[in-house]
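The block underneath contains the structure these notes are about, expressed in structure tokens.
Counting convention: from 1, in listed order, for ligands and their atoms alike. Predicted model only: the values in this text are computed from it and were never measured.
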Amino acid sequence: MTQAQITRKAPHDTAKRVFIKTYGCQMNVYDSARMADLMAPYGFMPAETAHEADLVILNTCHIREKAAEKVYSELGTIRRLKAAKARSGSRMIVAVAGCVAQAQGAEIMSRASCVDLVIGPQSYHRLPELVARALRTERARILETSFPAEPKFDHLPQARAPRGVTAFLTVQEGCDKFCSFCVVPYTRGAEYSRPVAEVLAEARNLVRQGIREITLLGQNVNAYHGEGPNGSEWGLGALIRGLAELPGLARIRYTTSHPGDVDDELIGAHRDVPQLMPFLHLPVQSGSDRVLAMMNRRHTAQDYRRIVDRLRMAKPDLALSCDLIVGYPGEGDADFRQTLDLVAEIGFAQAFSFKYSPRPGTPAASAPDQVSEEAKAERLTVLQALLRMQQRKFNQACIGRILPVLLEKPGRHEGQLVGRSPYLQSVHVAAPSDLVGRIVPSLILDAGASSLAGSLAGPAVA
Ligand code: 5AD
Ligand code: SF4
């Protein structure tokens, strides 16, 4: 680092505070945690609110218009806080990170004068240096959205485990698929897989700090192809098998996947690795081959059905989740009905569904036959009613079963803990607090729309 370096602080020095607000996907949650790790050695301790912070970072999402617009409205609030702070003689540095930073850096600078620093998702390892530079100058406005040749992971400190028993671990980033509605290939850049040794070391470190469950993250996580030992290349299935050897790591999950990258090795991992949870988020987006082709998804509805069949053959109790888009340009009623048919046939335990949102710079945004807002809203209502019904049915079918629940934290009521079932459902269980971090068999007594209630049905199993 240059003279812009801020001095590393001894723990007893007066702490500065950093407030990070995270929007969007789990990848951003992971990145925000790493930004906190980066700033901690320089005396920046986490703040609960922007109000008390010397450094405010908005880690933003650009996936849909609504997500991006939230940032500008938040910046309005931050501007007032910053001005109030300045009146009391102190300085607040405001940074915008994440995908909006990458896609609209210059626009942020011109629309929001309170922003000191714009930093893209591939350059945030330079945060301490750039914050230092901003602090040195009264009115520095720094825009750093390059895609560095060396991956940022080479420059990040060891991950500190989050509070709790579950953690995210980014193993893959970026995307080369270029679905025609999606900004990710532009904001996150080309696909990159972290080397196996680096992933295993980070996982080992998390487990040492008490983490029992790791969710492997990637925009397209099952495209993972990391460098393994002796010049080998490991896919996601091999990586999962490698992680399953870590003593103490009780559960493994991964998200988010593309149907085209589900291979035999991954299906084999679902069959053979008990730590790999029987829950898979596998976006399909549409049930119409015509729409899927326009979306450049490179798979058909029938491909999806076949993949699900093979996965369920390997792991009969596999629960599925997906993403769906309604009102993609050119989608007609018949196409939408095919989406409903596919959903009805697969039966999802959970799903996310969205109205198509045109994203600047993506091919679909300039397609001529945009669907009206009314039709999108109507289709979304119908689809979500079906999905809600499926989720309720899935949850109700759990009543009377004994499910292993990894207890994560206190529940809303006294004497209650909340954890997750293998199928990612929240489960509330009456249990003593020393069972946090343990997997307990729980008899499921009741099911709500999105959570279950159970009672302890035996001693902890792990
Ligand atoms: N409009 C609506 N939904 C989108 N998604 C991605 N881009 C768009 C868009 N332009 C959805 C997809 C993806 C999820 C993360 O967000 O369903 O899988
Ligand atoms: Fe976006 Fe996922 Fe398609 Fe990549 S595979 S372009 S991240 S929707």
Side-chain angles (χ1 to χ4, degrees), residues 22-30 60-70 98-100 102-104 121-122 170-193 217-225 236 254-262 280-288 291-299 301 303-304 307 320-331 336 339 342-343 348 350-367 370-373 375-377 379-380 383-384 387:
T22 309
Y23 301 82
C25 64
Q26 288 109 325
M27 204 88 142
N28 270 7
V29 175
Y30 176 86
T60 62
C61 170
H62 199 235
I63 198 94
R64 283 170 294 276
E65 193 179 354
K66 251 195 212 152
E69 276 308 314
K70 276 188 202 155
C99 290
V100 182
Q102 187 65 44
Q104 298 186 348
Q122 302 310 342
T170 295
V171 301
Q172 180 279 340
E173 204 170 348
C175 183
D176 296 339
K177 293 276 190 290
F178 290 93
C179 298
S180 44
F181 51 81
C182 184
V183 287
V184 165
Y186 310 96
T187 57
R188 290 273 169 168
E191 204 185 289
Y192 167 77
S193 297
L217 296 182
Q219 259 90 35
N220 199 357
V221 71
N222 60 335
Y224 178 84
H225 57 282
L236 186 64
Y254 64 92
T255 196
T256 186
S257 304
H258 189 283
D261 292 316
V262 175
L280 174 57
H281 181 67
L282 190 63
V284 63
Q285 315 296 359
S286 168
S288 153
V291 173
L292 287 168
M294 291 191 293
M295 287 177 165
N296 190 32
R297 286 289 293 177
R298 309 178 213 195
H299 63 80
D303 293 334
Y304 190 85
I307 292 162
L320 285 156
S321 151
C322 77
D323 293 336
L324 294 150
I325 295 177
V326 298
Y328 183 82
E331 182 191 73
F336 176 61
T339 297
L342 182 73
V343 168
F348 290 99
Q350 188 204 302
F352 301 95
S353 48
F354 313 100
K355 288 191 268 187
Y356 168 69
S357 165
R359 306 312 294 126
T362 59
S366 50
Q370 299 287 328
V371 172
S372 73
E373 195 50 38
K376 283 186 204 174
R379 287 175 195 169
L380 191 66
L383 178 60
Q384 290 189 336
L387 292 169

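For ligand 1, residues of the protein lying within 4.0 angstrom by heavy-atom distance are Ile63, Arg64, Phe181, Gln285, Asp323, Ile325, Phe354, Lys355, Tyr356, Ser357, Arg359.
The salt bridge (Lys or Arg N to Asp or Glu O under 4.0 Å) check on Arg379 picks up Glu331, Asp333, with sequence neighbours excluded. Here Phe181 pairs with nothing under the ring-ring contact (aromatic ring centres under 6.0 Å, His included) rule; sequence neighbours left out.
At a cut-off of 2.8 Å, measuring from atom 3 (Fe) of ligand 2, the protein N, O or S atoms that fall short of it are Cys179 SG, waters left aside.
A centroid separation of less than 6.0 Å is found between the aromatic rings of Phe178 and Tyr186.
Under a 3.5 Å cut-off, the side chain of Lys376 and the backbone N or O of Tyr356 do form a donor-acceptor pair. One N or O on the side chain of Ser193 and one on the backbone of His225 form a donor-acceptor pair closer than 3.5 Å. Listed for the Tyr304 side chain is no donor-acceptor partner under 3.5 Å among the backbone atoms of Gly287. Checking side-chain atoms of Arg298 against main-chain N and O of Lys177 turns up a donor-acceptor pair under 3.5 Å. For Asp176 (side chain) and Glu191 (main-chain N/O), a donor-acceptor pair under 3.5 Å exists by modelled atom type.
Atom CD of Glu69 has more than 12 heavy atoms from other residues, nucleotides or ligands within 6.0 Å.
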